[in-house]
Amino acid sequence: MPKNLSVYSCLIISPSDVTKERDAAVEVIENWNAHVGAGLQARIEAVRWESHARPEMGAPAQDIINQQLVDQCDFGIAIFWSRLGSPTEKHPSGSAEEIDRLLRRGSKVMVYFSTQPIPQDALRDDQFSRLQELKKRYQHEGLLATFDNVAILRERLQLHITSLVTELLLNARAGGQPIPSTGTLTAPTPDIRVIVAGGIAARGPATVPIVSVTIQNHSPNDFFFHSILFELSDGDRLFFERDAITADYLRPCKIEPGNSFSFHVNPGEARDALKGRSIVSAVASDKIGRMYRSTTADMETAMNNYDSFAKIAAKRRR
């Protein structure tokens, strides 16, 4: 049968020192298209200069790449490790220029930094120090993600891509553009409840204030949980990579009928990213992008309790 497919172009951005990670990003997108995108009636095209750019004369190479590729993409994935890359006419590197160009157009860019040890050879020039300067700037302008091996990067990308494309699809729907769906999406929505609560918990010898998010499966079937995001008062979203108590990475999992899954965050650790905005709800998504929200009233109560416990924890540290 003919299908009306939503297609998004994703620019893969990076210097030359993360070849394996670039390849992994493309593989994740291909797997996402086969398993998640099929259910959402969406597809992502991974765009790389080495595969998509054509030879052209008459302008600097980066300007040609911008015109041929960057300006045609819907969002970007940027990956860094030890190098920043060669500077362009107006930017510290081609990768930095591509990120800025996408952001100026209002497109989303997900930025990832590797925390793997830096080879000594990479410290013989100014590449790493220049990269750290750019990283500091990005930390003040948004929320970055980190990874310590390619397997973790794959997991993060799968989760984040699902969240971002779901947002793009929802925005298209809000703008009046129809989003076709398969039987998977039109099937009855499972009874999944997102419960939030503010409290305090032990982390090593110290106690920390937390907000817990519990996903309860009240349906008769297994629920395949994929991610948790926090909606902010201005409509933006915040993502926490690790549990505030266990420090474990947030990973997709199966929740059997009658069971639940809990994740803990410390909003105080994201004060710079919040920039004075408040958290209004917790949003859980499944592997095909359906979303389940906590109530605004419950989140307000949870955040009030969190603030109270934060004051108690601060007094104990004195």
Side-chain angles (χ1 to χ4, degrees), residues 36 110 112 143-148 151-164 166-167 189-204 206-219 222-232 236-274 277-310 313:
V36 181
M110 301 187 294
Y112 300 81
L143 185 65
L144 311 179
T146 60
F147 63 95
D148 53 22
I152 293 296
L153 176 63
R154 289 176 182 273
E155 291 183 2
R156 300 293 93 193
L157 285 173
Q158 177 81 8
L159 187 154
H160 297 160
I161 287 171
T162 300
S163 173
L164 177 55
T166 300
E167 181 179 329
T189 302
D191 185 3
I192 303 299
R193 304 174 193 178
V194 181
I195 310 299
V196 293
I200 196 166
R203 185 168 68 184
T207 55
V208 294
I210 55 135
V211 171
S212 64
V213 181
T214 301
I215 304 167
Q216 300 175 343
N217 184 4
H218 291 265
S219 69
D222 291 338
F223 174 69
F224 293 91
F225 156 76
H226 203 274
S227 68
I228 297 175
L229 296 170
F230 292 85
E231 290 185 330
L232 305 181
D236 203 355
R237 291 174 179 173
L238 183 64
F239 174 76
F240 290 83
E241 285 192 311
R242 295 175 181 254
D243 189 286
I245 299 176
T246 65
D248 292 336
Y249 280 103
L250 178 62
R251 289 186 170 92
C253 67
K254 179 177 73 173
I255 306 176
E256 296 179 346
N259 289 348
S260 63
F261 168 80
S262 293
F263 186 71
H264 310 89
V265 301
N266 182 354
E269 295 177 346
R271 191 174 292 107
D272 291 342
L274 285 170
R277 299 170 295 180
S278 59
I279 297 175
V280 297
S281 66
V283 183
S285 66
D286 61 21
K287 68 176 183 179
I288 64 170
R290 292 178 297 192
M291 294 187 172
Y292 312 83
R293 287 174 170 79
S294 66
T295 67
T296 303
D298 284 351
M299 181 56 76
E300 183 177 359
T301 300
M303 290 304 300
N304 288 337
N305 290 339
Y306 167 84
D307 290 339
S308 298
F309 286 117

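Hydrogens, waters and symmetry mates play no part in the numbers below; they use all other heavy atoms, side chains included. Treat the numbers as computed from the prediction; the structure is a model and nothing was measured.
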Would you name the heavy atoms of [X] and [Y] that are closest together and state the gap between them?
X: A201; Y: I245; answer: CB-CD1, 3.5 Å
X: A145; Y: E241; answer: CB-OE2, 3.4 Å
X: L274; Y: I279; answer: CD2-CG1, 4.1 Å
X: A282; Y: M299; answer: N-CE, 3.5 Å
X: A284; Y: V194; answer: CB-CG2, 4.0 Å
X: S219; Y: N217; answer: OG-OD1, 2.5 Å

Problem set entry | Test ring pair (Phe, Tyr, Trp, His ring centres under 6.0 Å) applied to Y292 and F225, step by step | CA-CA 10 Å; Y292 312 83; F225 156 76; 9.9 Å; no

If you round to the nearest 0.5 Å, how far is [atom2] of [Y] from [atom1] of [X]?
X: M291; Y: E167; atom1: CE; atom2: CD; answer: 7.0 Å
X: L159; Y: L229; atom1: CG; atom2: CG; answer: 7.5 Å
X: F309; Y: N266; atom1: CZ; atom2: CG; answer: 13.0 Å
X: F263; Y: R242; atom1: CZ; atom2: CZ; answer: 10.0 Å
X: L238; Y: I228; atom1: CG; atom2: CD1; answer: 12.5 Å
X: M110; Y: L144; atom1: CE; atom2: CG; answer: 12.5 Å

Problem set entry | Pair Q216-I195, side-chain contact (heavy atoms from CB on, under 4.5 Å): steps then yes or no | CA-CA 8 Å; Q216 300 175 343; I195 310 299; 3.8 Å; yes

Please list, chain by chain and in numerical order, all residues satisfying ring pair (Phe, Tyr, Trp, His ring centres under 6.0 Å) with [X], sequence neighbours excluded.
X: Y249; value: none
X: H160; value: Y112, F239
X: Y306; value: none
X: F230; value: F240

For this session: Go through S227 and S163 one step at a time and tell me if the side-chain hydrogen bond (donor to acceptor under 3.5 Å, both in side chains) criterion holds.
Result: CA-CA 8 Å; S227 68; S163 173; 5.2 Å; no

Problem set entry | Residues that D222 engages under side chain to side chain contact (heavy atoms under 4.5 Å, CB included), provided they are two or more places apart |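 With sequence neighbours excluded, D222 shows a side chain to side chain contact (heavy atoms under 4.5 Å, CB included) to F224, K254, E256, P257, given in chain and number order.
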
Problem set entry | P267 side chain near M303 side chain, heavy-atom distance below 4.5 Å | yes

Exercise. With a 4.5 Å heavy-atom cut-off, do I200 and I210 have their side chains touching?
Worked result: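 The answer is no; the side chains never approach within 4.5 Å.
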
Problem set entry | CA sep, side-chain torsions, deciding dist, call: S262, T214, side-chain hydrogen bond (donor to acceptor under 3.5 Å, both in side chains) | CA-CA 4 Å; S262 293; T214 301; 2.9 Å; yes

Problem set entry | Intermediate values then yes/no, side-chain contact (heavy atoms from CB on, under 4.5 Å), Q158 and V36 | CA-CA 9 Å; Q158 177 81 8; V36 181; 3.5 Å; yes

Exercise. So which pairs with a foot in residues 293-308 pass salt bridge (charged side-chain N to carboxylate O under 4.0 Å, His left out), sequence neighbours left out?
Worked result: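 Every pair satisfying salt bridge (charged side-chain N to carboxylate O under 4.0 Å, His left out) with a residue in residues 293-308: E231-R293.
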
Exercise. Ignoring hydrogens and geometry, is there a side-chain-to-backbone donor-acceptor pair from S212 to H264 under 3.5 Å?
Worked result: no

